[in-house]
There are 2 protein chains.
Amino acid sequence: MTHDQIFKALADPTRRTIFERLATSGHNASELREGLSISQPAMSQHLSVLRSAGLVREQRQGRFVNYEVDPDGLASIGEWLAKYRAYWPARIDDLKTLLKDMDQ
Amino acid sequence: MTHDQIFKALADPTRRTIFERLATSGHNASELREGLSISQPAMSQHLSVLRSAGLVREQRQGRFVNYEVDPDGLASIGEWLAKYRAYWPARIDDLKTLLKDMDQ
DNA sequence: CCGACACATAAGCACAGACTTATTTCATTA
DNA sequence: TAATGAAATAAGTCTGTGCTTATGTGTCGG
């Protein structure tokens, strides 16, 4: 769950694709392979990296393992990004508006 | 300036250190080496990666080159992160606190 | 000009990591 | 309980990349 693990995990385009797919809805490892020309072990390894980084979490369901986005990882990026808030002044108001919208 | 370049750039701990140092204030390449046990070419290469990613920009001043944070790169991460806003509701209060701190 | 200095580029090396095939683990079901 | 099927682990290969030393480029002061 360190920033190092998170950024390393997201540095790989295949893993970002997997993550984006999971952001739409949860999937098991086999479903995630669809469309990607990648072996089953490769997918398993990618998911392991994403999980160690706290970007994804798993939930065993029988002999399937369902994966979904873990908000903790995203929050960690948000916190990292917040440290450099001095450089996005123009964006702060947007974010505030967003949070207000999210609030009810 | 792609997400791929940005995440790859930030995946390296040395480059994150450099970036954080630049976030405090602008520095030239020599100043940035202080404290880091790293050769001059290594620093030059790191800065090149950060610059290509749009995270840092340079400004020649005589025979020195001053580097500073480029808001574009940060904004690009912010936009990437915003796509997954559906997954931060649990963290809203934390973020709000951050924004409040930022606001003074 | 010429020496020194700041930085960039070149070339090569060594390690990290993304992939493969083969095998193992574990749960389901016939 | 044997067979099947999903997913994880093992082991090995190959590419990418971060580092080094050596050299090139450009700027300033004497």
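Residue numbers begin at 1 in each chain, while the letters A, B, ... track the order of the sequences.
Tyr67(B) and Leu36(B) fall within a single hydrophobic cluster, where Ile, Leu, Val, Met, Phe, Trp and Tyr side chains are chained together by heavy-atom contacts under 4.5 Å.
No salt bridge links Asp72(A) with Arg57(A); every basic N to acidic carboxylate O contact stays at or beyond 4.0 Å.
Here dG18(D) presents its P atom at 14 Å from CE of Met43(B), a figure rounded to the nearest Å. For the pair Arg63(B) CZ and dT27(D) P, the computed distance is 11 Å after rounding to whole Å. Following rounding to the nearest Å, Arg33(A) (CZ) and dA8(D) (P) show an atom-to-atom distance of 12 Å. Regarding His27(A), its NE2 atom lies at a distance of 17 Å from the C1' atom of dA6(D), rounded to whole Å. Straight-line distance from the CG atom of Leu32(A) to the P atom of dA8(D): 11 Å, rounded to whole Å. In this entry the distance linking CG of Leu47(B) with P of dG18(D) reads 13 Å, nearest Å. Here the C1' atom of nucleotide dG5(D) and the CD atom of Glu31(A) are 15 Å apart, to the nearest Å. Here dG26(D) presents its C1' atom at 13 Å from CD of Glu58(B), a figure rounded to the nearest Å.
Relative to the side chain of Pro41(A), the nucleotides dT20(C), dA6(C), dC7(C) differ in distance, and dT20(C) lies closest. With dT9(D), dC19(C), dT27(D) as the candidates, the nucleotide lying closest to the side chain of Ile38(A) is dC19(C). Residue Asn28(B) places its side chain closer to dC7(C) than to any other of dA8(D), dC7(C), dG5(D). Here the nucleotide nearest the side chain of Ser39(A), chosen from dT21(C), dA8(C), dC5(C), is dT21(C). Of the candidate nucleotides dT27(D), dT9(C), dA6(D), dT27(D) has the atom nearest to the side chain of Arg60(B).
Pro13(A) places a side-chain heavy atom less than 4.5 Å from the side chain of Lys8(B). Side-chain contact check for Met43(B) versus Leu47(B): some heavy-atom pair is nearer than 4.5 Å.
For residues 4-52 of chain B, every residue pair satisfying the ring-ring contact (aromatic ring centres under 6.0 Å, His included) rule, not counting sequence neighbours, is listed here: Trp80(A)-Phe19(B), Tyr84(A)-Phe19(B), Phe7(B)-Trp80(B).
Judged purely by atom type and a 3.5 angstrom limit, Arg15(B) has no side-chain atom pairing as donor or acceptor with the backbone of Leu50(B).
As judged by a 4.0 angstrom heavy-atom cut-off over every strand, Ala29(B) is placed among residues touching the sugar-phosphate backbone only.
Checking the phosphate oxygens (OP1, OP2) of dA8(D), a side-chain nitrogen or oxygen of Tyr67(A) falls inside 4.0 Å.
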Report, one pair per line, the protein and nucleotides 15-18 of chain C atoms (nitrogen or oxygen only) whose separation is under 3.5 Å.
unit_1, atom_1, unit_2, atom_2, d
dA18(C), OP2, Arg15(A), NH1, 2.9
dA18(C), OP2, Arg15(A), NH2, 2.9

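Here CD1 of Ile38(B) is found 10.5 Å from OG of Ser44(B). Values are rounded to the nearest 0.5 Å.
In terms of polar N and O atoms assigned as donor or acceptor, the side chain of Gln40(A) never comes within less than 3.5 Å of the base of dA6(D) in a complementary pairing.
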